[in-house]
Amino acid sequence: MSKLKELPFTTLQFYATAPYECSYIPNRQARSQVATPTHLIHADVYGDLVSNGFRRSGLYTYRPYCDGCKSCIACRVEVTQFKAKRYQQRAFHKHQDLVVKIGHLGYFEDHYELYLKYQQQRHQGGGMDFDDEDQYKQFLLQSKVNTRLIEFRDGPQASEPGKLRMVSIIDIIQDGLSAVYTFFDTTVQNASYGTFAIMWQIQQAKELGLPYVYLGYYIQESPKMSYKANFEPLEILVDSQWHLHSPIKEHEL
């Protein structure tokens with residue numbers, strides 16, 4: 001194990017995983033750098049890790065550490081400077097009648113069912129489309145930091161009032177919100193739930209006086225991840241420094 005010199009921690013250690021198949025770019029091998037031990041990653045430490053490009057999956061805090069590849073780039077939206085595009089505004093207004101409930105992590109059968117349907121529709125063959133309940137709980141319902149589970153349901157005016165449409169898990173850190181995962185109903189025609197979720201998070205960050213929404217990793221080569229560049233101004237982490245995203249900056253990586 002080796003210490004991560006740029007972080008102000010003397011007690012955390014970091015190790016690199018063995019190579020595994022990349023989930024985003026075909027025919028590539030990936031590796032991760034994992035922060036340990038997990039019991040020392042409390043809220044403040046976790047916030048510093050996120051601002052240095054780390055993400056969380058359950059109790060597993062990691063960042064990409066691939067051999068010869070830097071395609072995964074940590075990114076965040078600068079909330080006070082964000083200017084919504086027309087389609088983003090339309091998405092926000094289209095779904096603003098959803099009933100939002102903010103709570104703590106917990107298992108709900110309809111959440112799990114929606115998660116499975118989402119994985120099977122959007123990520124079939126990705127290894128998560130047949131997660132059992134324990135795998136689902138380990139991935140999304142374990143946390144030692146300040147985490148919120150947000151559910152979005154149809155309002156009373158809808159044809160199916162109260163129907164679950166989307167679930168988001170977010171972490172609240174010192175300088176923003178970190179989007180852990182969002183899954184939604186993929187069967188609704190002309191819905192824009194994914195865009196609405198990010199717009200809602202940006203609005204929440206504004207109301208809380210937090211400057212950033214961390215969106216995980218931007219990957220230009222992956223359609224599943226490249227959409228994040230549409231939320232401007234987007235900042236990306238390059239050589240341990242945050243910069244405004246631009247195609248020129250990408251080519252310098």
Side-chain angles (χ1 to χ4, degrees), residues 23-24 55 57 75-77 79 82-103 105-131 136 139-141 147-171 176-208 213-232 234:
S23 301
Y24 300 108
R55 296 280 290 159
S57 175
C75 65
R76 65 188 186 186
V77 178
V79 168
F82 173 70
K83 295 181 180 179
K85 295 177 170 59
R86 287 185 178 179
Y87 83 91
Q88 293 166 340
Q89 292 175 334
R90 287 196 299 269
F92 189 72
H93 291 303
K94 182 191 301 183
H95 299 304
Q96 64 182 352
D97 291 333
L98 288 173
V99 176
V100 182
K101 180 181 178 181
I102 302 173
L105 294 179
Y107 178 81
F108 301 92
E109 187 66 28
D110 58 347
H111 290 192
Y112 174 59
E113 291 174 358
L114 181 64
Y115 169 82
L116 283 183
K117 291 177 181 177
Y118 173 81
Q119 294 296 341
Q120 291 161 8
Q121 288 291 321
R122 291 298 179 94
H123 303 290
Q124 189 173 25
M128 297 165 65
D129 41 344
F130 292 103
D131 279 359
Y136 168 73
F139 174 40
L140 293 178
L141 302 183
T147 303
R148 295 290 181 270
L149 185 151
I150 302 101
E151 64 172 33
F152 301 82
R153 294 183 180 271
D154 279 341
Q157 76 290 341
S159 58
E160 296 183 77
K163 185 174 178 60
L164 181 68
R165 294 302 185 187
M166 181 165 60
V167 175
S168 290
I169 291 89
I170 61 172
D171 294 331
L177 303 180
S178 179
V180 177
Y181 204 74
T182 292
F183 54 95
F184 50 83
D185 188 343
T186 60
T187 67
V188 181
Q189 295 292 322
N190 301 316
S192 303
Y193 292 132
T195 299
F196 174 79
I198 296 177
M199 294 287 289
W200 185 88
Q201 291 166 13
I202 291 171
Q203 183 63 36
Q204 283 293 297
K206 287 181 179 179
E207 292 179 6
L208 293 171
V213 172
Y214 290 84
L215 295 180
Y217 301 115
Y218 164 70
I219 307 173
Q220 186 182 27
E221 301 99 313
S222 171
K224 295 179 182 178
M225 307 293 275
S226 60
Y227 71 91
K228 298 175 185 182
N230 293 322
F231 292 87
E232 299 177 313
L234 188 76

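Fair warning: this is a prediction, and the values are worked out from it, not measured in the lab.
Side-chain atoms of Lys163 and Asp185, non-hydrogen and from C-beta on, do get closer than 4.5 Å to each other. For the pair Arg165/Glu160, a side-chain contact is recorded, criterion being any heavy-atom separation below 4.5 Å from C-beta on. A heavy-atom distance below 4.5 Å is not found between the side chains of Leu149 and Leu140. In this structure, the side chains of Tyr118 and Thr182 stay at 4.5 Å or more apart for every pair of heavy atoms. Ile202 places a side-chain heavy atom less than 4.5 Å from the side chain of Phe231. Considering only heavy atoms from C-beta on, Val99 stays 4.5 Å or farther from Asp154 through its side chain. Residues Arg55 and Ser178 meet the side-chain proximity criterion, which asks for heavy atoms closer than 4.5 Å. Side chains of Gln201 and Val77 form no contact here, defined as non-hydrogen atoms less than 4.5 Å apart.
With sequence neighbours left out, the side-chain hydrogen bond (donor to acceptor under 3.5 Å, both in side chains) criterion links Tyr227 to no other residue.
The shortest non-hydrogen separation linking Lys228 to Tyr217 is NZ-O, 2.9 Å. When all heavy atoms of Ala84 and Met199 are compared, the pair lying nearest together is CB-CE, 3.7 Å. Taking each heavy atom of Leu215 and Ala179 in turn, the nearest pair found is CD2-CB, 4.5 Å. Across all their heavy atoms, Pro156 and Pro161 have their closest contact at CA-CB, 3.8 Å. Closest approach of Val79 and Ala205 over heavy atoms only: CG2-CB, 3.7 Å. Nearest approach of His111 to Phe183, heavy atoms of both residues: O-CE1, 3.3 Å.
The line from CG of Leu234 to CZ of Arg76 is 10.0 Å long, rounded to the nearest 0.5 Å. The distance from atom CZ of Arg90 to atom OG of Ser192, rounded to the nearest 0.5 Å, is 8.5 Å. If you take OH on Tyr87 and OG1 on Thr195, they are separated by 5.0 Å, rounding to the nearest 0.5 Å. Atom CZ of Phe82 and atom CD of Glu232 lie 9.0 Å apart (nearest 0.5 Å). Atom-to-atom distance recorded for Glu109:CD and Leu114:CG is 12.0 Å, nearest 0.5 angstrom. With values rounded to the nearest 0.5 angstrom, Gln96 atom CD is found 11.0 Å from Gln203 atom CD.
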Side chain to side chain contact (heavy atoms under 4.5 Å, CB included) between Ser168 and Phe152, worked out: CA-CA 8 Å; Ser168 290; Phe152 301 82; 4.0 Å; yes
Residues Phe108, Val167; criterion side chain to side chain contact (heavy atoms under 4.5 Å, CB included); working and verdict: CA-CA 11 Å; Phe108 301 92; Val167 175; over 6 Å; no
Intermediate values then yes/no, side chain to side chain contact (heavy atoms under 4.5 Å, CB included), Leu98 and Tyr193: CA-CA 10 Å; Leu98 288 173; Tyr193 292 132; 4.1 Å; yes
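Ring to ring, Phe139 and Tyr181 are close: their centroids are under 6.0 angstrom apart.
At most 12 non-hydrogen atoms from other residues, nucleotides or ligands lie less than 6.0 angstrom from OH of Tyr24. In this structure, Lys117 places its NZ atom where only 12 or fewer heavy-atom neighbours from other residues, nucleotides or ligands lie under 6.0 Å away.
Between Tyr107 and Tyr136, the two ring planes are perpendicular [angle over 60°; tilted spans 30° to 60°]. In this pair, His95 and Phe196 present their aromatic rings perpendicular. The plane angle is above 60°, beyond the 30 to 60° band.
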